[in-house]
Amino acid sequence: MRMLMDLQPKMARVIRGGKETEVPATEIAVKEKLVIRPGEKIPVDGIISEGTTSIDESMLTGESMPVTKGKGDKVCGGTTNITGLIYMIAESIGAKTVLSQIARLVEDAQGSKAPVQRLADKISGIFVPIVIFIALLTLCVWMFMGYPFNRALFSAVSVLVIACPCALGLATPTAVMVGTGRAARAGILIKDASSLELAYKIDTLVLDKTGTITVGKPTVTDLYFVKEKKTISGDKFEMNSESDILPIMGSCERHSEHPIGKAIVSYAEKAGVRFKEVNDFRAVVGMGICAVYGGSHVLIGSERFMRENAIDLFLTVSTGTPMDSMYLKRKADEIESEGKTVVFVAVNNEAVAVAGVGDKIRDTSKSAIGEIKDMGIEVVMLTGDNEVIAHSVGREVGITCVKANLKPADKSDMIQKIQQDGKVVGMIGDGINDAPALATADVSFAIGTATEIAMEAANITLVKGDISKTGEALKLSKQIMKTIKQNLFWAFGYNVIAIPLAAAGFLNPMIAAGAMAFSSVSVVSNSLRLRNFKLGTDVS
């Protein structure tokens, strides 16, 4: 709960008496006017009264792309103002903020989870009184048959000694201890034994999208350009490959603070591009950037930005080649249909390239989901992203059941509905917005790149930072439970055979003690076999 509430800034700037004053966030009153500068976190829920900016709402919605907001739009406490200076009016403070409600959801979900009852405890609870009864009965029968007290006591003590439930007591903890150690070597961190005991029963696995199936940050996924373009308004720009357009894009976007600009720069850097200095750089909030590169005027931004700068995307460009005509616009439509952000590039008033920026699917996601489905487990995606993006990702990774536009409370409610159908639900997430759903699920997984809050709410952490270890975690859970049942079977079977022999007088207490010790050794040895259980590549 403390980590959740730490997302709210401790101090805030309010307008009091016509002056900007810094006060503790706890002293903000409803209807007060606040100033939020670029890079600052929003302290409370409210409405923007002045200014335009981009807000990072990923901690609430899971949406990796910032949302452009202006006058009249609602903003939530704990989210981050990225680009512009804004003024807002406080509406919800304290326990009424969305962030506080998320914290309360996590608390309620965690409090409602019943502890898993251990099979060994149930058996021991019945077994011990029965053994004591059998020992007393043995004593009485032997004395009734006319044997002396010491002979009767001899057999009764043998029953007690050989039936000492050490093997039963060791059956579960030894398997869990060895299994969790084996899991750690494979990069799977288990918070508690109860999650292992339940994970093998999972028949429905719920996945978050952003940061779980996908990378969780904007990435250039598509880049199309007008080929064989030799000159633009007298300036030579070779356009035969990405290496010809990326220096223009990367050099201009290098000065941008917007996540889309950073994604373009990162893409160019990975391609080995060397950047050049640009002049007259200017960022237009919510639209794009303009700059002068090598004496040419460059625009990079949305379709609206192009139109407002008189860039005709339907016009055949100066080379006159057939593939130039509407080529970029057609590719832009394809990119947009996949729910990605479209970014046009224009040089000297002519469009030369279009890029798609979106949340790239992790390389391991599709194969990991396929492995989980092959185990007979239904896979469901719950995300705060829009329908187009969610279903596009679902199709690509093979998930048919996709629910989009969900708030944190909605995800938690969806999991409860699945549980009401008698399903055992596992949940994998990475963000703050996933914490309530993680706490509600029967078994929860957080990936290694998850926020501390998500990892705190989860039962199992996948260190690698993707879902590729999920199948291994489920297989290991099944093997651990199989080992526990083997241990219990042999421990209980040993007692079923040995107790009648001891009661009949065929075993003296010393032999009984040795047999009892051997049963404990056999249980531990069986558990140690888990060390060699085959999983994927171990982490170093």
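Please read these numbers as outputs of a predicted model, since none were measured by experiment.
With hydrogens and angles ignored, the 3.5 Å screen pairs no side-chain donor or acceptor of Ser444 with any backbone N or O of Thr440. Of the possible donor and acceptor atoms, none in the side chain of Ser365 sits under 3.5 Å from a partner among the backbone N and O of Ile361. For Lys373 (side chain) and Gly398 (main-chain N/O), a donor-acceptor pair under 3.5 Å exists by modelled atom type. Remark: side-chain polar atoms of Thr219 are paired, donor with acceptor, to backbone N or O of Lys217 under 3.5 angstrom. Asn81 contributes a side-chain N or O that, together with a main-chain N or O of Ile36, makes up a donor-acceptor pair within less than 3.5 Å. For the pair Asp56 (side chain) and Pro66 (backbone), a donor-acceptor distance under 3.5 Å is absent. Checked by atom type and distance alone, the side chain of Thr212 never pairs as donor or acceptor with a backbone atom of Lys209 at under 3.5 Å. Here the side chain of Arg362 pairs no donor or acceptor atom with the backbone of Ile213 at under 3.5 angstrom.
For Glu334 and Lys331, the salt-bridge test passes: some basic side-chain N is under 4.0 Å from an acidic carboxylate O.
In this view, Glu40 and Arg13 satisfy the salt bridge (charged side-chain N to carboxylate O under 4.0 Å, His left out) rule, not counting sequence neighbours.
Within 6.0 Å of NZ on Lys74 lie more than 12 heavy atoms contributed by other residues, nucleotides or ligands. At most 12 heavy atoms of other shown residues, nucleotides or ligands fall within 6.0 angstrom of atom CG in Asp363.
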Pairs under 3.5 angstrom only: tabulate donor-acceptor contacts from the side chains of residues 151-159 to other protein residues two or more places apart or in another chain.
| unit_1 | atom_1 | unit_2 | atom_2 | d |
| --- | --- | --- | --- | --- |
| Arg151 | NH1 | Ser155 | OG | 3.0 |
| Ser158 | OG | Phe154 | O | 3.0 |
| Ser158 | OG | Leu507 | O | 2.9 |

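Rounded to the nearest 0.5 angstrom, Lys423 NZ and Ile202 CD1 are separated by 13.0 Å. Separating the NZ atom in Lys411 from the CD atom in Gln416 is a distance of 15.0 Å, to the nearest 0.5 Å. Put simply, CG on Asp430 and CD1 on Ile467 are 11.0 Å apart, with the number rounded to the nearest 0.5 Å.
Counting heavy atoms from C-beta outward, Lys417 and Asp421 have side chains that stay 4.5 Å or more apart.
Screening Thr221, Val357, Asp222 for a side chain to side chain contact (heavy atoms under 4.5 Å, CB included) with Ile335, the sole residue that qualifies is Asp222.
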